[in-house]
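The block underneath contains the structure these notes are about, expressed in structure tokens.
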Amino acid sequence: MSHSENEVEPGSKEPTHAESTGTEPTSGPAALRKESIWEVYYPRHVHSDAEAVPIASFPMIIYFWPSMIVLLGCGMLQATSSVAPATLGLIAIAVWTFNLLVIVTDLDQKKFVISILLMLLLVFGAWVANLKEVTVVGDVAGWFGGLEITLSTQAYLAMGVVLLILFLVGMIQPRFDYWRFESNEFVHYVQPWGRDQSVPRIGSTVTREVPDMLELILTFGGGTLLIRREGQVVARIEHVPFLSRRMIAIERLLGATRVRNVSHG
């Protein structure tokens, strides 16, 4: 599978006097911003220096926020009779199908582009067939147009509320199970027990992967963060929202001077 990575390699620059002697810069802790644990949900002040960068793996329910919003919205709209029930049914099924695609497919950059091109080709083919009055296309379009998919208001609201509850439960987990990227080590915390795993910064690389473009879109630039030592993956932090933004803070923290795009075929 093909995917892209952003790799941060601590210590890839020419060593300064402080690095060669093993000492920290004199401007260290006093000049650093104290991070908030709530930044596991959204990274703030990524362009300023912080003591650490908190980051956590989120459960896959994070990808179902479109279905949650649409189901609740359809229930409310149907209750006010402002939109035709069949229209709401088609919208709900379409969004639910899109969410299921995130679970059952892995569309890396190449596959995503190919899928978009195939969809455009299909639309173009249908348009040409319609111009030539091909009956098959008209029959298929008429069949979809004649679908009367309806759900009760209670069904919309019940499904939406279930997703909302599961979403909120899933959002609690990162607050108590998270990583803290510090200048000297990467520490995994599981509250209330505390430190669970520690990876020294020296000799480690931090890599961002984008295994699926749909996941990237639904998590607003998210992806997977890998910690490697001696070529081996020692920690894998998956389903991280806003990861592209977090990488800015991680790069500042690690003092990396080389961030490169790596393509695997």
Side-chain angles (χ1 to χ4, degrees), residues 1-4 41-42 56-79 83-126 137 139-174 177 208-226 236-244:
M1 178 173 62
S2 173
H3 56 269
S4 66
Y41 296 103
Y42 181 78
S57 178
F58 281 66
M60 295 191 72
I61 191 65
I62 191 176
Y63 299 119
F64 280 82
W65 62 264
S67 290
M68 177 185 68
I69 293 174
V70 167
L71 288 171
L72 291 174
C74 286
M76 295 176 185
L77 289 173
Q78 187 159 279
V83 181
T87 301
L88 293 176
L90 286 174
I91 293 174
I93 291 297
V95 175
W96 180 255
T97 301
F98 172 74
N99 261 160
L100 291 180
L101 284 175
V102 179
I103 306 300
V104 302
T105 63
D106 284 323
L107 297 177
D108 57 34
Q109 288 92 327
K110 292 181 181 178
K111 292 179 182 178
F112 183 76
V113 172
I114 292 173
S115 299
I116 295 297
L117 293 177
L118 288 176
M119 290 179 61
L120 293 175
L121 184 61
L122 182 63
V123 171
F124 178 75
V137 176
D139 292 341
V140 173
W143 181 78
F144 274 105
L147 289 176
E148 293 289 338
I149 300 175
T150 59
L151 294 174
S152 68
T153 302
Q154 291 80 4
Y156 282 126
L157 295 178
M159 294 172 65
V161 168
V162 168
L163 282 178
L164 176 61
I165 293 174
L166 294 176
F167 187 85
L168 293 177
V169 170
M171 292 303 100
I172 294 174
Q173 175 183 320
D177 185 349
R208 178 199 179 195
E209 289 187 351
V210 182
D212 185 81
M213 290 298 296
L214 296 181
E215 294 180 6
L216 173 75
I217 294 170
L218 291 176
T219 51
F220 306 98
T224 298
L225 200 67
L226 303 179
R236 186 181 186 91
I237 311 172
E238 298 180 311
H239 317 305
V240 183
F242 307 105
L243 185 54
S244 57

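- With sequence neighbours excluded, the residues that form a side chain to side chain contact (heavy atoms under 4.5 Å, CB included) with Val162 are Leu166.
- Partners of Ile69 under the side chain to side chain contact (heavy atoms under 4.5 Å, CB included) rule, at least two apart in sequence or in another chain, are Trp65.
- With sequence neighbours left out, the side chain to side chain contact (heavy atoms under 4.5 Å, CB included) criterion links Val113 to Leu117.
- Evaluation of the ring pair (Phe, Tyr, Trp, His ring centres under 6.0 Å) rule for Phe58 yields Tyr41 as partners, not counting sequence neighbours.
- Residues passing the side chain to side chain contact (heavy atoms under 4.5 Å, CB included) test with Ile237, sequence neighbours excluded: Ile55, Ser57, Trp179, Phe181, Leu225, Val240.
- For residues 84-106, the set of pairs meeting the ring pair (Phe, Tyr, Trp, His ring centres under 6.0 Å) definition, not counting sequence neighbours, comprises Phe64-Trp96.
- Every residue two or more places apart in sequence or in another chain that forms a side chain to side chain donor-acceptor pair (under 3.5 Å) with Glu238 is listed here: Arg236.
- Put simply, the side chain of Glu215 never gets that close to the backbone of Thr224: no donor and acceptor are under 3.5 Å apart.
- Take Tyr156 and apply the side chain to side chain donor-acceptor pair (under 3.5 Å) test, not counting sequence neighbours, and it matches no residue.
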Without placing hydrogens or testing angles, list every side-chain donor-acceptor pair under 3.5 Å for residues 84-91, not counting sequence neighbours.
none

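- Qualifying side chain to side chain donor-acceptor pair (under 3.5 Å) partners for Ser67, counting only residues two or more places apart in sequence or in other chains: Asn99.
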Check: How far apart are the C-alpha atoms of Leu122 and Met119, what are their side-chain angles, what is the distance that settles it, and do they pass the side chain to side chain contact (heavy atoms under 4.5 Å, CB included) test?
Finding: CA-CA 5 Å; Leu122 182 63; Met119 290 179 61; 5.6 Å; no

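- Side-chain N or O atoms of Asp108 include none that pairs as donor or acceptor with a backbone N or O of Asp212 at under 3.5 Å.
- Listed by chain and number, the residues in a side chain to side chain donor-acceptor pair (under 3.5 Å) with Ser244 amount to none (sequence neighbours excluded).
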